Amino acid sequence: VQLQASGGGLVQAGGYLRLSCAASGSTFRINVMGWYRQAPGKQRELVASITSGGRTNYADSVKGRFTISRDSAKRMMYLQMNSVKPEDTGVYYCNGWGTGEFWGRGTQVTVSS
């Protein structure tokens with residue numbers, strides 16, 4: 001399984017950004033997909049996850065601002081980030097979990113104040 005994240009960039013606080021994750025290979029091995037982020041000097045943390053059935057889970061810090069979605073037919077996952085804050089800055093990684101755990105290369109998100 002290969003995962004490729006894209007869509008990061010520089011955005012002002014209060015703005016929005018949409019991240020995409022493209023999955024390829026043996027994607028039938030994936031049940032849960034998620035977005036993680038890692039800020040400088042901090043541990044990687046879960047931002048949001050979504051099951052193959054569409055059940056979602058969010059970190060408290062992004063509830064009401066971020067929306068995770070998944071298009072299994074296109075093998076894509078998205079993270080709509082609204083009302084971003086400087087503390088949302090970090091490298092965002094897409095993750096897949098099922099019969100194994102899979103990580104993609106991250107995409108940098110920088111929120112300026």
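Both backbone and side-chain heavy atoms feed into the values below; hydrogens, waters and symmetry mates do not. Bear in mind that the values here come from a model prediction, so they are computed numbers and not experimental data.
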Any side-chain heavy-atom pair of T99 and I30 under 4.5 Å: no
Shortest non-hydrogen contact from S113 toward A13: CA-CB, 4.3 Å
Shortest non-hydrogen contact between L17 and G9, atoms and distance: CD2-N, 3.9 Å
Test side chain to side chain contact (heavy atoms under 4.5 Å, CB included) applied to S20 and M76, step by step: CA-CA 7 Å; S20 299; M76 296 292 296; 3.8 Å; yes
Heavy-atom side-chain contact between S52 and R70 under 4.5 Å: yes
ring-ring contact (aromatic ring centres under 6.0 Å, His included) evaluation trace for W103 with Y36: CA-CA 10 Å; W103 291 94; Y36 285 73; 4.9 Å; yes
Under-4.0 Å salt bridge between K63 and D60: yes
Residue that, paired with M33, satisfies side-chain contact (heavy atoms from CB on, under 4.5 Å) out of L3, I68, T51: L3
Close side-chain approach of F102 to N95, heavy-atom, < 4.5 Å: no
Atom of V1, atom of T27 and distance for their closest heavy-atom approach: CG2-N, 4.3 Å
Cation over ring face, R37 and Y93, 6.0 Å, 45°: no
Nearest-0.5 Å distance, OG1 of residue T67 to CG of residue N82: 6.5 Å
In one Ile/Leu/Val/Met/Phe/Trp/Tyr side-chain cluster, 4.5 Å: V91, L46: yes
Shortest non-hydrogen contact from G25 toward R75: O-NH1, 3.4 Å
Cluster link W35 to V11, ILVMFWY, side chain under 4.5 Å: yes
Lys NZ or Arg CZ of R18 over Y78 ring: under 6.0 Å, within 45°: yes
Close side-chain approach of Q80 and F66, heavy atoms under 4.5 Å: no
Note, S6 side chain near T107 side chain (heavy atom, < 4.5 Å): no
Heavy-atom check, side chain of T89 versus side chain of Q108, under 4.5 Å: yes
Nearest heavy-atom neighbours spanning L10 and S112: CD1-CB, 4.3 Å
R65 side chain to S83 backbone, donor-acceptor under 3.5 Å: yes
Same apolar cluster (I L V M F W Y, side chains within < 4.5 Å links), M77/Y58: yes
